[in-house]
Each structure stands twice: as C-alpha cells, then as structure tokens.
Amino acid sequence: MKYSNFFLPTIKDAPSDAEIISHKLMIRAGMIKQSSAGIYSWLPLGLLVLKKIEQIVREEQNNAGAVELLMPTIQSSDLWIKSGRYDDYGKEMLRITDRSGREMLYGPTNEELITDIFQSHINSYKDLPKNLYHIQWKFRDEVRPRFGVMRGREFLMKDNYSFDLDENEAKKSYDNMFKAYIKTFIRMGLTPISLRAETGPIGGNLSHEFQILAKTGESTLYYDKKLETLNPETIDPNKLQSFYAAVDDQHDEKNCPISNEDLKISKGIEVGHIFYFGTKYSDKLNAFVQDKSGKNVPVHMGSYGIGVSRLVGAIIEAYHDEKGIRWPLEVAPFKVSIVNLMPEDQDCATKSLEYYEYFMKNNIEVILDDRICSIGKKLSDNELIGIPYQIIIGKRDLKDNLVEIKNRQNNESEKISSSSLIDFINNKLIK
RNA sequence: CGGGGAGUAGCGCAGCCUGGUAGCGCACCUGGUUUGGGACCAGGGGGUCGAAGGUUCGAAUCCUUUCUCCCCGACCA
C-alpha cells in the first residue's frame, strides 16, 4: 500500500471526548471515527487490525475443532420470549419493530438462536459433541458506553456454543475452549490471566474470565506469577484453573493460598469470558437428543465469548508509548513501513520503490510513505501508527549506501547497508 | 439510572458575565524558500455559533424548551 493512495487521516490533537490512551491513539492514528455514543466507523487502518485479530481468533477456534457459521444481527423476539430473557434483558436490548409490527431485536448475544438451530437438526447423541461459533456484530444498549471501542454499544464478538451429552463431556468442551483462549491471546502478543468468575445474566455454574495485562487496565488482578509465563504448547487447563487468580474485590490477603513471593499484582482488561450453564437453554428451547437408551435428554451447553473489537483497544493499552502505538507483529496492520524522507529525490524514490516492490511481491505487508511533507511529520506519523519495522530512507544516509531500520517495539534503530536490508527484514519476519 | 460538565470552522479553544461587523492556534488551498524531527514567509478558502421558541431596534451572548456528547459512580465482551 502506498500512503499517498491510502486513507489514513492522522491528527495531532485528539478530540476532547477521548479519555483513555487507546481511544485517543485510535482516533489520532485514523483507525476509527465515532458515529454516535459507543458506535464507530472503522477506517482502513483500524479495519486492518480488526481483521487481523478476527483471523487469529478464527484460526484458533478452527484448530480447537469449533465450526464457523454466521447468524443474523437482527433476531425475532419469539425465541427470547421462550427462553424468558426477553423481559430479563431489559433496556440493554435494542428493540426494533418491523413494518408489519413484529417485535425484533438487535442481538446482544446468540444462545437462543444457536440452540434453535441446533435443536432443529440434531436429534441423536451420536452427533455430539458439537461446537459452533460465529464472529458477528452485537449490540448492547449500555447505560454508559465509554473508552472508545473498549466499551462500545456496537461491538464485534466471537461467540461459540458447545453441545454435549452430559456434564462430564461438557467440561471437556469447556477445557478445550479454555486452552484455545489462552493460545489465542498469547498469539496476539498478550499475557492472559484466567480467573474464576461470576456467571452473571448468562447463568450457569462454571465460568472463567480472561484478562490481559496492561498497565492502564481497569481491574486490579492478584495472581500466581506462574500464569505470566505459560507455554502455549503445554497448557493443562485443569492445572491452570487451579492456579490462584482474583480481582481486587475477591482477593483476601489473609486467606490468600499462595506466598507473597509467588503473588503478582497487575492491572488487567477483560477480553474473554467462558461459561458452562448446563441445560438452562436446552430445557426451555427443546434442545434434546436421544441417548443410548432411547431417552430424550437435554444437551449440556457452554458459551464462550471473545471481544474482538475490544481487543483492538486492549492491545493498544498494552502496547503504546508517549509517541503512539507499538503493534505486536501478529496483529500489526502492516509489518513494514518504508519511510521515504525525500520522495522528490530520485535516489530515495528509486530505492524506496525497489524495497516496496520486493515486499509486495513476497507478500510482506508493507506501507510506503511516499507523501511529500515535512520530515518531522512523516517520522512522527509513523511512530503514531506503530508499524513494527520502519525503514527510514533519506538522502544523507543513502549517499553512503545506508538505510535506517527502526524496531518500533523496542524503539531501537540501526543503520545497515542498503543492500542487506532485504535479508535483514526477511530474517526478522520469517521464523 | 444518580451526580457533574460541554456543544462556536476538520481538530483544539477564546468570545457569553456587561447584547452591537464571529475570532485565535493547528489543519486545508496558492506561490515561494526549506529538506534527517511536526520548518519559514506571503496570500487565501471555510461558520445557518447543536436545534426550536421567546425577549429586544438588534442575540453566540439574556430567558424557556429540547437534542447530542463527555466525565465520575452502579453494571458488562
């Protein structure tokens, strides 16, 4: 992508509405534009990141054996009346009346719909287990949307639903998802902390929430330091669930089961939540299968959510500095940015284009900053949008056949010979 | 939903108290000078002052109503 052809409206001053750092940076970096309270347009740069995160979530779901489908945003009230949640959900549910006077709603979650889909096609224990997910926009009419995309009213969520014959099997599905969640967040460069959680309005009796560490996080976490250094290849959900972790209002210093040496205290942001809720919805919505003995039994269900759009903000909260965003490589909108300080200089233009074409040809996501503007603006914009590797090309260095390469993750730069640049980047990006 | 605050150019704000030609900085456009850290000089465009009603010779400014947005708290991916 050439910057001159892209749509990347960076701004120097964030609007006074924006309060937290990720919100400010997302606006300044031209990632989002607010449309109304808690509702945002995703501009090209923001969309690239959102899609990256979505894709990682998708791949890890698929790896864990979940199957993707897509349910609508607009639902009829019928199923919600059956499940009893049409009234329970209250004002947080956006209700809509269609032209023929039917009561519709913009889905805040999908337990009802998925259970209905399941029950109309699955009748035998032989078809179990099943685990279905979708990545779809949700709407919850929060009393107080805030913090940009971290707490929007409209938000993109991955939610999936597991169906099992009995509690024992359901716990296996639960643990399977538990493990997939840890892997998903680690892949994004984050440190996930899993906590035993209240089940809330979804109901049920087993639940964990997943927070990621960020200095600016909303909640204070107390946890076993072993949770910080997990190897995604060797996760044992049962063992992990036994490690101590609590949010501040649950933490009790006197009764804390682990030693002070093992206890860590950090700030976190909730990005995922999983529930096992047994037969709560299958009972009400007739999701029964015949077991071996021919008896009709309600299936045991779990549901699992990841806030995809929230993660964009959460990752920025975890990775930024005073100059802007520092994207982890896996979610970065571009891997490499070629910053041509002097587009009007023939040598700079030629060299920049040479690199650009190489990266394009080799499917390394690259943005070429070919704008004609002051050097300071160019450098600071690039710091703001936080591309992991920035190749800075200027007349001065190029005379000596040098280019500067800046690693935005640790802000270290070095000058290397222009002929070794391609090898340098390849070594960094190909593992 | 309780408490507080704000709507004036794309963004950040001043003007309002004490009514009288709608301003400043950044951004934008034109020309020129610059060229390794948001550069400089000159010229220029852009506003139904959130909306409706009222008071007045005259309203961004005073009064009434209303809409929107933000912050703190209770609640959530």
Side-chain angles (χ1 to χ4, degrees), chain A residues 9-20 23-24 27-28 30 33-39 53 57 89-93 107-110 135-160 181 184-185 197-202 207-212 218-219 247 249 268-275 303-314 323-324 339-345 348 371-384 390 392-400 402-404 406 413 415:
Chain A
T10 58
I11 48 173
K12 215 165 166 179
D13 304 312
S16 54
D17 302 11
E19 190 65 18
I20 61 162
H23 190 192
K24 283 184 184 160
I27 292 170
R28 290 191 49 216
K33 173 162 169 40
Q34 180 162 340
S35 159
S36 54
I39 302 178
I53 293 169
V57 170
Y89 230 95
K91 283 192 163 175
E92 219 171 279
M93 185 150 76
T109 176
N110 288 69
I135 300 173
Q136 178 63 292
W137 292 91
K138 307 288 190 293
F139 195 93
R140 292 182 192 168
D141 201 356
E142 299 271 350
V143 277
R144 191 177 161 216
R146 66 185 114 169
F147 304 147
V149 300
M150 298 257 283
R151 180 101 181 266
R153 290 194 293 171
E154 188 182 56
F155 58 98
L156 187 62
M157 179 163 103
K158 184 284 303 173
D159 44 323
N160 57 326
Y181 270 40
T184 302
F185 299 128
E198 301 300 320
T199 51
I202 307 281
S207 174
H208 282 86
E209 63 179 54
F210 293 80
Q211 302 230 10
I212 57 105
E218 266 194 285
S219 23
V247 291
D249 54 351
I269 299 167
E270 188 184 356
V271 292
H273 207 145
I274 64 177
F275 305 88
S303 75
Y304 314 87
I306 290 180
V308 175
S309 48
R310 170 179 282 192
L311 269 164
V312 181
K323 288 176 174 169
V339 187
N340 183 356
L341 296 181
M342 201 74 67
E344 286 159 307
D345 178 81
C348 292
R371 291 174 299 166
I372 295 168
C373 66
S374 80
I375 287 159
K377 175 165 172 52
K378 205 167 273 200
L379 291 171
S380 53
D381 271 352
N382 274 275
E383 277 157 344
L384 175 63
Q390 300 175 9
I392 298 166
I393 296 172
K395 207 168 161 180
R396 193 185 68 192
D397 288 345
L398 206 54
K399 251 190 301 194
D400 307 323
L402 294 174
V403 294
E404 182 180 335
K406 178 150 104 190
S413 352
K415 291 187 181 174

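Letters A, B, ... are given to chains in the order of the sequence lines, protein chains preceding strands, and every chain is numbered from 1. Every heavy atom of this structure was used, including side-chain atoms; hydrogens, water molecules and symmetry mates were not.
Using the Watson-Crick or G-U wobble rule with both distances under 3.5 Å, B:A60 pairs with nothing in any strand shown. With a 3.5 Å ceiling on both atom-pair distances, the Watson-Crick or G-U wobble partner of B:A39 is B:U33. For B:C75, there is no paired nucleotide, since no Watson-Crick or G-U wobble pair has both relevant distances below 3.5 Å. As the counterpart of B:U66, B:G50 is assigned, both hydrogen-bonding distances of the Watson-Crick or G-U wobble pattern falling under 3.5 Å. Across every strand in view, B:C28 sits in a pair with B:G44 that passes the Watson-Crick or G-U test at under 3.5 angstrom. B:G19: no Watson-Crick or G-U partner with both key distances under 3.5 Å is found in any strand.
Within 4.0 Å (heavy atoms only), A:Asp159 reaches no atom of the nucleic acid at all. A:Arg153 comes within 4.0 angstrom of no nucleic acid atom, judged by non-hydrogen atoms across all strands. At a threshold of 4.0 angstrom between heavy atoms, the contacts of A:Ser36 are confined to the sugar-phosphate backbone, with no base atom among them. Here A:Ala18 lies out of heavy-atom contact (under 4.0 Å) with every strand. Nucleic acid contact class of A:Glu92 (heavy atoms, under 4.0 Å, all strands): none. At a threshold of 4.0 angstrom between heavy atoms, the contacts of A:Gly152 include nucleobase atoms, whether or not backbone atoms are also involved.
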Restricting both atoms to N or O, compile the protein contacts to nucleotides 1-8 of chain B shorter than 3.5 Å, with distance only.
{"residue": "B:C1", "atom": "OP1", "partner": "A:Lys91", "partner atom": "NZ", "Å": "3.0"}

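Using C1' as the reference atom, B:G7 and B:C13 are 13 Å apart when rounded to the nearest Å. Comparing the P positions of B:C11 and B:A51 gives a spacing of 15 Å, expressed to the nearest Å. The same atom, C1', is picked in B:A22 and in B:G46; the two are 13 Å apart, to the nearest Å. For B:G23 and B:U48, the P atoms lie 15 Å apart once the distance is rounded to whole Å. Between B:A77 and B:C63, the distance separating the two C1' atoms is 46 Å to the nearest Å. When the P atom is compared between B:C16 and B:C1, the two are found 36 Å apart, to the nearest whole Å. Rounded to a whole angstrom, the distance from the P atom of B:C67 to that of B:U21 is 33 Å. B:A14 and B:A9 have their C1' atoms separated by 14 Å, given to the nearest Å.
The aromatic rings of A:Phe275 and A:His273 sit parallel to each other, their planes meeting at less than 30°, with 60° as the upper class boundary.
Qualifying side chain to side chain contact (heavy atoms under 4.5 Å, CB included) partners for A:Arg146, counting only residues two or more places apart in sequence or in other chains: A:Arg144, A:Arg151. Applying the side chain to side chain contact (heavy atoms under 4.5 Å, CB included) rule to A:Lys323 yields the partners A:Asp321, A:Glu383, A:Arg408; only residues at least two apart in sequence or on another chain are considered. By the side chain to side chain contact (heavy atoms under 4.5 Å, CB included) test, A:Arg28 is found to be paired with A:Ile11, A:Ala14, A:Leu25, A:Leu384, residues two or more places apart in sequence or in another chain being considered. Applying the side chain to side chain donor-acceptor pair (under 3.5 Å) criterion to A:Ser36, with sequence neighbours excluded, gives no partner residue.
Of the inter-residue distances, the one linking A:Ser380 atom OG with A:Ile375 atom CD1 reads 11.5 Å to the nearest 0.5 angstrom. Distance check, rounded to the nearest 0.5 Å: OG1 of A:Thr109 to CD of A:Gln136 gives 12.0 Å. Within the model, atoms CD1 of A:Ile39 and CD of A:Glu154 stand 6.0 Å from one another, a figure rounded to the nearest 0.5 Å. Between A:Cys348 atom SG and A:Lys395 atom NZ the span is 7.5 Å, to the nearest 0.5 Å. To the nearest 0.5 Å, atom CG of residue A:Leu156 and atom CD1 of residue A:Ile53 are 9.5 Å apart.
Between A:Ile306 atom CD1 and B:A77 atom P there is a gap of 13 Å when expressed in whole angstrom units. For A:Arg151 and B:C72, the CZ to C1' distance is 13 Å, given to the nearest whole Å. Atom CD of A:Glu218 and atom C1' of B:C72 are 13 Å apart (whole Å). The NZ atom of A:Lys378 sits 13 Å away from the C1' atom of B:G38 (whole-angstrom rounding). To the nearest angstrom, P of B:A77 lies 11 Å from OH of A:Tyr181. As a whole-Å value, the separation of A:Asp17 CG from B:G12 P is 7 Å. Distance, A:Ile135 CD1 to B:A77 P: 18 Å, rounded to whole Å. To the nearest angstrom, P of B:C76 lies 9 Å from CD of A:Glu270.
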Handout entry: Derivation of the salt bridge (Lys or Arg N to Asp or Glu O under 4.0 Å) call for A:Lys415 and A:Asp400
Key = CA-CA 11 Å; A:Lys415 291 187 181 174; A:Asp400 307 323; over 6 Å; no
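Within the 3.5 Å criterion, the main-chain N or O of A:Asp141 finds no donor-acceptor partner in the side chain of A:Lys91.
The phosphate of B:A77 (OP1 or OP2) has no side-chain N or O of A:Gln211 nearer than 4.0 angstrom.
Checking A:Ile20 against A:Leu384, the closest nucleotide of RNA chain B that is more toward the 5' end is the one next to A:Leu384.
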Exercise for the section: Summarise how protein sits on nucleotides 23-37 of chain B as a single string, 5' to 3': B when a protein heavy atom is under 4.0 Å from the base, S for sugar-phosphate-only contact, - for no contact. Expected result: ------------BBB
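No N or O donor and acceptor, one from the side chain of A:Arg146 and one from the base of B:C72, sit under 3.5 Å apart.
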